[in-house]
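Bear in mind that the values here come from a model prediction, so they are computed numbers and not experimental data.
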Amino acid sequence: MERRALGRGLEVSAQGLGCMGMSEFYGPGDEAESIATIHEALDLGVNFFDTADMYGPFTNEQLVGRALAGRRDEVVLATKFGNQRSEDGAYLGINGRPEYVVAACDASLRRLGVEVIDLYYQHRVDRTVPIEETWGAMASLVGAGKVRHLGISEASVATIERAHAVHPMAAVQMEYSLWTRDPEDGVLEACRRLGIGFVAYSPLGRGFLTSEEANRVGGEGDFRATNPRFAGAAGEANRVFVERLERVAARTGATVAQLALAWVLSRGSDVVPIPGTKRRRWLRENVAASSLDLSRDDLAEIDAAVPREAVVGARYAERSMGALNG
């Protein structure tokens, strides 16, 4: 697989692998299949793996650490702090206090079983703590050799600029897909101006922009059952986008998921999508999107199939939105 450059000389595979769903949020997991998926991703040239301490909580880092044991030198490993949860899964809020930054990093290192984290993100912005204080603590982790590169997730342009002034930033991570274009409202331009790479999570719209089988909501433990874009009339209205993409897929010989990923990949050589999956079947399909040969007309048709203003429903339930765009 081709490599792409994020900021600060950090080079990663053109696609990464989001590991969250292996432990939580998308219904029951299968650890053996998840580990096999991580191993196959490596074999297919994917070297960029994304997790966070809150996934599980805590168990996803442990799973990823076990899967990557013995292959550490092949991997660019990213994890996150800031969404604080207790051992029983209760959500405790967003925490950007300097002392917590250091403690969270040490805990992630232990769970991952590694000596250094390649890319350490602030998962959400704590509006009660000046970003300079949070990033001062993050910079100290780089100085201590615990972290190689720093990033931030779901932040405004102003916050990105302030954090980057404290310590150069390698990556901004935000949701970005055919049906979530928010980064085009200034964040992508700011990243390019500052020399920061962009990591696109949920590039398949949490599975909606895929085949019907792949995007089927998985019952208990699948947060999409109450997601505003999946539930009820909104889900029915949004289905038209998939139908349009299915027509393009039939003509090009690709799948809907591959078209959606190819669109994200086409947004710039500094954009790296991290589609999440816990099954080898969908991993292979996703990876193949990197070698699609689509014309400008094809990409324009894909783009037009999902008009930004036509998407029905917020991307998160209201109770989750307060943490975004700090």
Side-chain angles (χ1 to χ4, degrees), residues 1-6 12-22 26 37-38 40-50 76 78 171 173-184 188 197-216 224 229 238 241-308 311 315:
M1 181 178 290
E2 71 165 296
R3 296 291 188 256
R4 292 191 168 187
L6 299 177
V12 299
S13 51
Q15 282 187 47
L17 178 61
C19 299
M20 179 184 78
M22 297 175 177
Y26 285 86
T37 299
I38 290 172
E40 184 154 337
L42 278 167
D43 294 340
L44 291 172
V46 175
N47 76 342
F48 187 32
F49 295 86
D50 184 273
V76 177
Q173 183 179 129
M174 290 182 69
E175 183 175 355
Y176 190 37
S177 69
L178 279 165
W179 77 348
T180 299
R181 310 285 186 97
D182 301 23
E184 296 173 1
L188 277 169
F198 186 88
V199 176
Y201 76 83
S202 293
L204 300 176
R206 302 188 180 88
F208 196 94
L209 303 173
T210 63
S211 69
E212 184 175 351
E213 181 181 358
N215 71 30
R216 187 178 296 121
R224 295 174 297 177
R229 291 188 179 178
N238 290 329
F241 308 136
V242 179
E243 293 169 355
R244 293 172 184 168
L245 291 170
E246 284 171 343
R247 290 194 286 272
V248 184
R251 180 174 56 77
T252 59
T255 68
V256 170
Q258 288 169 343
L259 295 180
L261 272 176
W263 181 88
V264 176
L265 287 161
S266 77
R267 308 314 281 176
S269 60
D270 54 350
V271 175
V272 177
I274 52 168
T277 186
K278 53 188 175 182
R279 296 182 178 89
R280 285 169 284 180
R281 175 184 177 184
W282 306 126
L283 169 75
R284 295 174 194 130
E285 180 178 324
N286 293 345
V287 168
S290 294
S291 58
L292 278 184
D293 184 16
L294 298 174
S295 69
R296 290 184 180 181
D297 288 345
D298 292 332
L299 289 167
E301 187 177 358
I302 294 166
D303 186 85
V306 192
R308 177 175 180 172
V311 177
R315 60 192 180 102

**Request:** Give the C-alpha distance, both sets of side-chain angles, the deciding distance and a yes or no for side-chain contact (heavy atoms from CB on, under 4.5 Å) between Arg267 and Asp303.
**Result:** CA-CA 11 Å; Arg267 308 314 281 176; Asp303 186 85; 4.0 Å; yes
**Request:** Please lay out, stage by stage, how Glu301 and Arg247 fare under the test salt bridge (Lys or Arg N to Asp or Glu O under 4.0 Å).
**Result:** CA-CA 10 Å; Glu301 187 177 358; Arg247 290 194 286 272; over 6 Å; no
4.5 Å side-chain heavy-atom contact, [X] and [Y]:
| X | Y | value |
| --- | --- | --- |
| Gln258 | Thr252 | no |
| Thr255 | Thr210 | no |
| Met1 | Val12 | no |
| Lys278 | Tyr26 | yes |
| Asp182 | Arg308 | yes |
| Thr180 | Met174 | no |
| Val271 | Leu188 | yes |
| Asp50 | Tyr201 | no |

**Request:** Report the C-alpha separation of Leu178 and Leu245 in whole Å, then their side-chain angles, then the decisive distance to 0.1 Å, and conclude whether the side-chain contact (heavy atoms from CB on, under 4.5 Å) test is met.
**Result:** CA-CA 11 Å; Leu178 279 165; Leu245 291 170; 4.1 Å; yes
Specify the closest pair of heavy atoms between [X] and [Y], including all atoms of both residues, with the distance to one decimal.
| X | Y | result |
| --- | --- | --- |
| Ala304 | Arg244 | O-NH1, 4.4 Å |
| Ala262 | Leu294 | CB-CD1, 3.6 Å |
| Gly16 | Pro275 | O-CD, 3.5 Å |
| Ala41 | Leu17 | CB-CD2, 4.1 Å |
| Ala254 | Ala249 | O-CB, 3.1 Å |

**Asked** Any side-chain donor-acceptor pair under 3.5 Å between Ser177 and Arg315?
**Response**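 There is no such pair between these side chains.
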Looking at [X] and [Y], would you say the former's side chain and the latter's main chain have a donor-acceptor pair under 3.5 Å?
| X | Y | result |
| --- | --- | --- |
| Ser13 | Arg3 | no |
| Arg251 | Asp298 | no |
| Asn286 | Leu283 | no |
| Glu246 | Val256 | no |
| Arg224 | Arg206 | yes |

**Asked** Do NZ/NE/NH1/NH2 and the carboxylate oxygens of Asp43 and Arg280 come within less than 4.0 Å?
**Response**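 Looking at Asp43 and Arg280, the cut-off is not met.
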**Request:** Tell me whether the centres of the aromatic rings in Phe241 and Trp179 are closer together than 6.0 Å.
**Result:**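 No, too far apart.
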How far does [atom1] of [X] sit from [atom2] of [Y], to the nearest 0.5 angstrom?
| X | Y | atom1 | atom2 | answer |
| --- | --- | --- | --- | --- |
| Ile38 | Met22 | CD1 | CE | 4.0 Å |
| Leu204 | Ile274 | CG | CD1 | 11.0 Å |
| Ile302 | Leu209 | CD1 | CG | 11.5 Å |

**Request:** Evaluate the criterion side-chain contact (heavy atoms from CB on, under 4.5 Å) for residue pair Leu42 and Phe49; output intermediate values, then yes/no.
**Result:** CA-CA 10 Å; Leu42 278 167; Phe49 295 86; 3.7 Å; yes
**Tyr176: partners by ring-ring contact (aromatic ring centres under 6.0 Å, His included), with sequence neighbours left out** =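 If we apply the ring-ring contact (aromatic ring centres under 6.0 Å, His included) test to Tyr176, skipping adjacent residues, the hits are Phe198, Trp263.
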**Request:** Walk me through it: do Arg4 and Leu265 pass the test side-chain contact (heavy atoms from CB on, under 4.5 Å)?
**Result:** CA-CA 10 Å; Arg4 292 191 168 187; Leu265 287 161; 3.8 Å; yes
